[in-house]
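Remember, it's a predicted structure, so these values are computed and weren't measured experimentally. Whatever order the structure lists ligands and atoms in, that order sets their numbers, starting from 1.
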Amino acid sequence: MATVLVLNSGSSSLKYQLVDPESGRSVAGGIVERIGESTGSATHQSGDAETVRDSRVPDHGAALRLVLDLFDEVGPSLADAGITAVGHRVVHGGAVFTEPTLVDDDVVTAVRDLIPLAPLHNPAAVKGIEVARELLSHLPHVAVFDTAFFAPLPAAAATYALDRKVTAEHGIRRYGFHGTSHEFVSAAVAAHPAVAAKLAAEGRGPETLRQVVLHLGNGASASAVLGGRPVDTSMGFTPLEGLVMGTRPGDVDPGIVFHLVRTGMSASDVDTLLNKRSGLLGMSGVNDMREVRKLADTGDADARLALEVYLHRLRKYVGAYTAVLGGIDVLTFTAGVGENDHRIRSGVVRDLKFLGLAIDPAANEARSDEARVVSEGSGGAKPLVMVVPTNEELAIARQAMELVEGP
Ligand SMILES: Nc1ncnc2c1ncn2[C@@H]1O[C@H](COP(=O)(O)OP(=O)(O)O)[C@@H](O)[C@H]1O
Ligand SMILES: CC(=O)OP(=O)(O)O
Ligand SMILES: [Mg+2]
């Protein structure tokens, strides 16, 4: 068996998985949470066994050491796992990285140079890569970029209507993020039998398939995909733009930033406000959707409004992207909120009947780990609504393996 160890360094967590890219099987994996806080914890899964270890984890280097210790102590043994590469998720690849890339010192420097564009994400990736290259120095390391899938966005979608000298000087464009997920999920949708049947019934080829994908996790983004190619996405130059997120506001009037700076906030305070103190957290006091729900269900007015704002923004983007695509064939929900929260799904679709979108409540509320259709009726020209679990780790493992071993 050949495997890839995938590391996804988030702002305060390290998710990891040992994956067999060929079968798609996850051999072991887990998460180290609350990195940098007074108490951290690691949850390691190997087969059916789960091991939880609570301890302070000062940084991503310590987190990776803890993960390697867990593999040593509880297994499976990394030495016997046939690891052929370590795959690293890197959020911002800028204009430089549009393909999976073998990591060397220059790549680390270039990813570090991009930190100002993804201050929540790239520092953790740099740290993760540095420590992993030190501790697993015998293995090739491959960086897979969240921005890569969106590199071919049409110029009309990628270009900000700013002075072109400024955009050229600073590399300002819509980069888009969560690309590994949007690519994986939109490909899974295109390969689903219900979608193939719909296209066949309409006598259409796969190049005409019009998809809107909603990746709703802690960060959240929407994409419009035509025949497998991205034509628009909601995140922009940085992962701040677009949908309402756990701690980020998504779209805001840039005039608000100037007002706050002119009236006494520093640029760095505004940065913290927009990256860490806004979104669901800013509006309701909590950033985890399950907790927002709990508060809203007890009648908390702030949490209810936060949910309304969240849903309003989603409906707006689905409508906009349907216009961009000239119609919609499939609307897909993915990531933590999109896969698990059926009320968010029905809330988005409820007011979009005019697009032909309609949910089947029983299918929508049923729990499953499979890619599935949750819309009403089958056949006909109506668009499908789907839930497709994302698997960024598997996608990264496949890309890393392909780079190291060839296709
Ligand atoms: N059963 C659930 N119902 C509602 N939200 C959920 C559920 N399970 C997870 N979530 C939400 O998913 C989000 C995290 O999604 P995830 O894709 O893991 O994000 P990230 O990869 O950005 O950490 C959290 O806001 C969490 O509340
Ligand atoms: C780009 C981004 O927002 O990533 P995440 O959802 O992991 O925070
Ligand atoms: Mg995620």
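Not a single heavy atom of Glu392 sits under 4.0 Å from any atom of ligand 2. At least one heavy atom of Arg248 sits less than 4.0 Å from an atom of ligand 2. The closest approach between a heavy atom of Gly10 and any atom of ligand 1 is not below 4.0 Å.
Among all protein heavy atoms, the one lying closest to atom 8 (O) of ligand 2 is His121 NE2, 2.8 Å. Nearest protein heavy-atom contact of atom 19 (O) of ligand 1 is Asn218 N, 3.1 Å.
At a heavy-atom distance under 4.0 Å, only side-chain atoms of His178, from C-beta outward, approach ligand 2.
Between Arg367 and ligand 1, a contact under 3.5 Å exists for no N or O pair. Annotation: Asp288 places an N or O atom under 3.5 Å from an N or O atom of ligand 1; distance criterion only.
Residue contact check: Asp341 has heavy atoms under 4.0 Å from atoms 4 (C) of ligand 1. Those atoms of ligand 1 that come under 4.0 Å of a heavy atom in Gly219, given as number and element, are 22 (O). Within ligand 2, counting atoms from 1 as listed, the ones closer than 4.0 Å to a heavy atom of Phe177 are 1 (C). Taking every heavy atom of Met235 and a limit of under 4.0 angstrom, the matching atoms of ligand 2 come to 3 (O).
Arg173 forms a cation-pi arrangement with Tyr175, by the criterion of a distance under 6.0 Å to the ring centre and an angle within 45° of the ring axis.
Checking Arg293, Lys15, Met245, Arg290 against atom 20 (P) of ligand 1, the nearest heavy atom belongs to Lys15.
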